Structure formats: structure tokens, C-alpha cells
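Have a look at the structure below, then the notes.
Remember, predicted model here, so these are calculated numbers, not experimental data.
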Number of protein chains: 2
Amino acid sequence: MRFTEQKMISILRHRGYRLTPQRRAVLRVIASSHDHLTPAAIYERARQKYPDIGLVTVYRALEVLGKLGLICEMHTGGDCRSYLMRRPSGHHHHLICSGCGEVIDFADCDLSSLEQRLTQKTGFKIEGHLLEFFGRCRNCQRVDSA
Amino acid sequence: MRFTEQKMISILRHRGYRLTPQRRAVLRVIASSHDHLTPAAIYERARQKYPDIGLVTVYRALEVLGKLGLICEMHTGGDCRSYLMRRPSGHHHHLICSGCGEVIDFADCDLSSLEQRLTQKTGFKIEGHLLEFFGRCRNCQRVDSA
DNA sequence: CAGTAACTGAAAACCATTTTCATTTATATT
DNA sequence: AATATAAATGAAAATGGTTTTCAGTTACTG
């Protein structure tokens, strides 16, 4: 955590952004949650530590933090935007519990052979992919069957 | 196309929905486009054939057609909602050109071994996945380098 | 052909996000 | 430490996509 915060500071500075308590608050909220949070949820939580923060500022902080690669935006089914801490891993994907919203990261997607096949068949130059799994975590499976 | 329309009628009836010219218009627009269209774009095109249709009705038609599995909703980056004809294939994915929006379907994703690995590691019961590739189609590559 | 529930269109409501603008603040400079 | 200034903030208003409401219309059943 300390690491992340240090890193954040250096990244912000390096790109000419300022380190404000609001941005710190937003980042901490996201860092301390394992779920993906909507802007409104982030706002609610950030307010507990920093009551004067405005929703607008949360949106702006999310934009900046996203631009810096510190957090990432997700598009999961219904509600379109939600944010999650970007783990150091870089390229990765999500396994999302449809019950409680828990998110597990994984990186080993190995879609290269599929990519090659698609390139050959279509002539597309493939630049990226979006891969997310949906399911039920252990806990929610238990609740389901109860 | 005729096939799709016949099928649509039977599916609608079977589930207690009515076949209205508006729904037909929306479905035809989506069926006749290879791109994924936003509700607004669908509205514009539907109006050409059926000038009295309202945007609200387009939204409602999309909801129904989606529920019936005739079209599918996509979440691609920026603009959240867009719709595409569901091809008969059933389970499939999209390869999307970031230049012109062309969409190519493919079905052979073969993520089963990855799924198994994830299940073992996490205890999740995996129920589905979202996989989309992004890239540049042949045409847009040409334009890019021009 | 009549009855009825489903459907439609228009306007209004809603809600998330963005913009505007006056004020405040983090940071670099003295 | 004090100052200058560009960046950031908060509040209010604007925006824009989506949903709801409601009165009138229409597809289908009998």
C-alpha cells in the first residue's frame, strides 16, 4: 500500500499532476476494495474520510488516475462504468462473481493462437482484447444452494 | 433474412409478444447492418423506413429483442451500449475494427482449459465469459499507413 | 367484428456525467 | 517563509442518454 502510494506520487509528479488529498482519497478507496466500484460508490466511501469531497472531483480523479494507468475501467453487463485498482501485473483479466461482485485477477490468458488464427482468416491487425469471466464464488455458491 | 423474420415472428408469438411494424423495423435495421449500432443510430435508420417511430419505442424494442435473444448487447470501450444481430450460431464473440466499427463474429474461442484452471485455483463456478478482440481491419490499416 | 391487453408516441422525469466559473490550493520560485 | 501561478476543487447548471408516465392506438383472441 505504501508502495502504491509512493509510486502514485512519483507518477503524478512525473506527469505534471498535483497530489491532492482528494486524489489520494479516491485512490485509497479503490486500493482498499477488492470489488469494482462505481463512481457513486467511490464517492460515498471517500466522503467518510474526506467529507468535503465532491462527486465531480471523484469523476475528475478517476479520469486522471485512469490516464496514469493506476486504476482501470471495467464494463460489466448492466452498470457500465466501474473502477478497480490496477495491480502491478499490467495486462490481466477479471473473474467476477455475479453474486457479491468479488473480482479476481488473472493474467495467463494465452490467446495468441486464437489471435493468429483470426488474423489469418480476417486480415485484421489485432491490437488488444477484452476478456472477462463471470461466475459464482465459493461463498455465493453456498448461499445459492441454501 | 426471410428466415430470420419468420423465426422472429414465431419467437415473439411464442412468448406472448406482438409483432409490430416498429419492432420489425428495428430488427431489420440491425439485421441489415454489419456494424454494431447505438440506439440512436438504430433510431435514425429505422425512421427512414418508418418515419413515425419514436426513440422510446426503439429502446423498448431493443429490450424485448434482447430478452428474446434475437439481438445482443455489446459493451465496447467508450460508448457503452450498442446492438448487433445475433447470428444463428449462438455462443460467439466479436472482432471489432477500431477504425470503421466493422464487426466479425467468431465462435471457436476454446477457453475451456483456462476455465478449468481458474475453477481449480479459485473455486468459482464459471458461468460465462465476455471476449472481444480489437484491431484494425484491412481497409483501415491501408488508410492508417496512407 | 368486438373486446382487451399489449403497444406506441410525446412529454416529463431521471440519473449519470460533464461543463462552467469563481474560489482555493499545491508547488515552484524568490 | 512569503509569493506567484497554474492546477485543482466545489457548487450549480447544463447535457445527454435512458426510463417512466399516461392517454390514445393497435395487434391479436374469440
Electrostatic pair B/Arg60-B/Glu63, nearest N-O below 4.0 angstrom: no
Does B/Gln22 place a side-chain N or O at less than 4.0 Å from the phosphate oxygens OP1/OP2 of D/dT26? no
Starting from the 5' end of DNA chain D, give me the residue, B/Leu19 or A/Thr57, whose nearest nucleotide shows up first. A/Thr57
Between C/dC7 atom C1' and B/Arg24 atom CZ, what is the distance in whole Å? 15 Å
Could you tell me how far apart A/Ile53 (CD1) and C/dT24 (P) are, to the nearest whole angstrom? 18 Å
A/Arg23 has its side chain closest, among C/dT8, D/dG10, D/dT9, to D/dT9
In whole angstrom, give the distance that lies between atom CZ of B/Arg15 and atom C1' of C/dA6. 16 Å
Compare the minimum distances between each of D/dT5, D/dC22, D/dG10 and the side chain of A/Arg18, then state the nucleotide with the smallest one. D/dT5
Provide, to the nearest angstrom, the distance between the NZ atom belonging to A/Lys67 and the P atom belonging to D/dA7. 12 Å
Rounded to the nearest Å, what distance is computed from the CG atom of residue B/Asp52 to the P atom of nucleotide D/dG24? 18 Å
Among D/dA7, D/dT9, D/dA27, the nucleotide that comes nearest once only the side chain of B/Pro21 is considered: D/dA27
On the nucleotide D/dT9, are OP1 or OP2 found under 4.0 Å from the side-chain N or O atoms that A/Thr20 carries? yes
A/Phe106 and A/Phe133: aromatic ring centres closer than 6.0 Å? yes
When B/Tyr17 and B/Val56 are each assigned the nearest nucleotide of DNA chain D, the 5'-most assignment goes to B/Val56
Below 4.0 Å: OP1/OP2 of D/dA8 and any side-chain N or O of A/Arg60: no
Would you kindly give the CG-to-P distance between A/Leu55 and C/dT19, to the nearest whole Å? 14 Å
Test of understanding: clusters of I, L, V, M, F, W, Y form through side-chain heavy atoms closer than 4.5 Å, transitively. Do B/Ile126 and A/Ile104 belong to the same one? yes
Distance-only side-chain donor-acceptor flag, B/Tyr17 / B/Arg13, under 3.5 Å: no
To the nearest Å, give me how far apart CD (B/Glu63) and C1' (D/dT20) are. 12 Å
